[in-house]
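What follows is a short report on a single structure.
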Amino acid sequence: MAQKPSIPKGTRDFSPAEVVKRNYIFNTIKKVFRLYGFQPIETPAMENLSTLMGKYGEEGDKLLFKILNSGDFISKVPNELLDKKDSNKLTPKLSEKGLRYDLTVPFARFVVQYRNDIVFPFRRYQMQPVWRADRPQKGRYREFYQCDADVIGSNSLLNEAELIQIIDNVFTQLKINAIVKLNNRKILAGIAEIIGEHERLTDITVAIDKLEKIGIENVNRELEEKGVSKVAVENLQPILALQGSTGEKMVQLESILAASEIGMKGVEELKTLFNYLQPMGLNTGVELDLTLARGLNYYTGAIIEVKTTDMEMGSICGGGRYDDLTGIFGLPGVSGVGISFGAERIYDVLEQLNLFPQESPEITRVMFVNFGEKEEAYCLPVLTKLRSAGINSEIYPESAKMKKQMNYANKKQIQFVVLAGESEIAEQKFTLKNMQTGEQQLLGTEELINTISKS
RNA sequence: GUGGUUGUAGCUCAGUUGGUUAGAGCGCUGGAUUGUGGUUCCAGAGGUCGUGGGUUCAAGCCCCAUCUACCACCCCA
């Protein structure tokens, strides 16, 4: 063990137990996506750098993993360029591919590339890993999975409503209590306009997005540092402090934003959305949160964020509407709306609340103890029958000591052990032992299968 | 990317102002128990103290570098 092998910073291996739990999350989400008519696509782990660069801002470009060109890539680079040691100039010569940073941009690329084959509105889901050269922290990795669902090519707010219904379905099935927070970028734009700072929309959204985390004083300080006028910051205060139910807030907003065309459009959209949601009978609460901004700049309409009410934790799902995402790839005027589940955080919530199911379609339910050659031959046909009946089962591959075999079953958390030695063979039966209760029954082949299937 | 904290057995952690052979609990392996695991008892294995340098008669402990995990900022899932 002189030098232990290792994996790159911020990446993880997953043990069988972890994969079983992760798949429980992925399968639950996938099932719901399918239920709403979303279809899966997959895209390559690597994209052309030209597809990725400039889509995530300056910060994003730095966080892209770049892939070194193959072959003798250095010999083609002019000496003067090498001597300058300018990474920005040199990188394009050394690398033309990168690992995908999210699923949205590759999706936009996909839509543009196959626009003639895709049936619009296109409802797709995608669950794949993405990579970011960020500095890892707890719950933040360099390789992690995203679970995205988007509808592209439709302006209808019914899409937003259905995505929220999906969110409700998923968290209901996972037994997580959640709350959906809604806002609209047009309302934020309206607010910026009303306080006379519509130029500073991005700075304003970035700042008020932090409200919950850093408090109103710090937000105001940040706004002033970014060049928002004192008067404007003052005018912003009553809006951020709006109280009451979603309906009450909406009424107040309507009068505040009356002079802003875009602001009123946002209020209108939100009203329509709530009208769709009303009759859906969701378990999850949905509320208007004016401080919800989300850093992502490509959002243009609805903004969605989901938090659990069971514990203190960042958002476990987010999304929104983006007009013209495909414009950057030469297909303007196509609107999309999407959500993304944060699988890693959902995992942490389920783990801490002990909500992962004991049962899984992926674990062994029955193990045959191996007593020797004759007994093995007696068990094997029944093992085959169990498997045909869809029961995950295995036989211990050698006639090791009983203690060792039982221990193996115990550690693998196998529900049943089947014992068949001389006496069982003589009676043409099997002893079925329930590992949780310790209870044992002597059963024939058919009874054995039935008992296991029923439990 | 900036600033900081951390690393001792598979895991959680002790380890005196630098002093000879680095400890515990849990886990692991074997036995008590040749057809009964999760409880008990007994025995045993397992460490180049994250890695590489340096200071010193002497380094787990001090210094430097590096890697890892973590924390704050930036950003974000």
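Every chain is numbered from 1 and lettered A, B, ... according to where its sequence line falls, protein lines coming before strand lines.
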By the 4.0 Å heavy-atom rule, please label A:K433 as base, sugar-phosphate, or nothing. base
Among B:G37, B:U36, B:C74, the one nearest any side-chain atom of A:N407 is B:G37
Assert: residue with more 5' nearest nucleotide on RNA chain B, out of A:G139 and A:I7, is A:I7
Between P of B:A77 and NZ of A:K138, the distance in whole Å: 20 Å
Name the closest nucleotide to the A:K403 side chain, picking from B:C75, B:A32, B:G30. B:A32
Taking atom CD of A:E351 as the centre, does the number of heavy atoms from other residues, nucleotides or ligands within less than 6.0 Å exceed 12? yes
Out of B:G35, B:C70, B:C75, which has the shortest distance to the side chain of A:P136? B:C70
Pairwise C1' distance, B:U34 and B:C49 [rounded to whole Å]: 44 Å
Closest of B:G35, B:C70, B:A77 to the A:S423 side chain is B:G35
What nucleic acid atoms does A:E424 come within less than 4.0 Å of, heavy atoms only: base, sugar-phosphate, or nothing? base
Does a side-chain N or O of A:K62 approach OP1 or OP2 of B:C74 to a distance below 4.0 Å, or not? no
Protein-nucleotide distance (A:Y396, atom OH; B:G37, atom C1'), rounded to Å: 13 Å
NA contact type, A:K210, heavy-atom cut-off 4.0 Å: base, sugar-phosphate, or nothing? sugar-phosphate
For A:D134, which contact category applies under a 4.0 Å heavy-atom criterion: base, sugar-phosphate, or nothing? base
Among B:A69, B:G37, B:C74, which nucleotide has an atom closest to any side-chain atom of A:E59? B:C74
Would you classify A:G372 as touching base, sugar-phosphate or nothing, given that sugar-phosphate means primed atoms plus P, OP1 and OP2, and contacts are heavy atoms under 4.0 Å? nothing
With both distances under 3.5 angstrom, what nucleotide forms a Watson-Crick or G-U wobble pair with B:G44? B:C28
Options B:G30, B:G37, B:C75, nucleotide nearest the side-chain atoms of A:R140: B:C75
Quick check on RNA chain B: between A:R345 and A:R135, whose nearest nucleotide comes earlier from the 5' end? A:R135
Residue A:Q440, side-chain atoms from C-beta onward, closest of B:C75, B:U36, B:G38: B:U36
Reckon A:G438 touches a base, only the sugar-phosphate, or nothing at all at heavy-atom distances under 4.0 Å? base
Hunt down the Watson-Crick or G-U wobble partner of B:C62, both distances under 3.5 Å, from any strand shown, or write none. B:G54
Between C1' of B:A32 and NZ of A:K401, the distance in whole Å: 12 Å
From the list B:C74, B:U2, B:G37, which nucleotide is the closest neighbour of the side chain of A:Q137? B:C74
note: A:I316, atom CD1; B:A77, atom C1'; distance rounded to Å ~ 12 Å
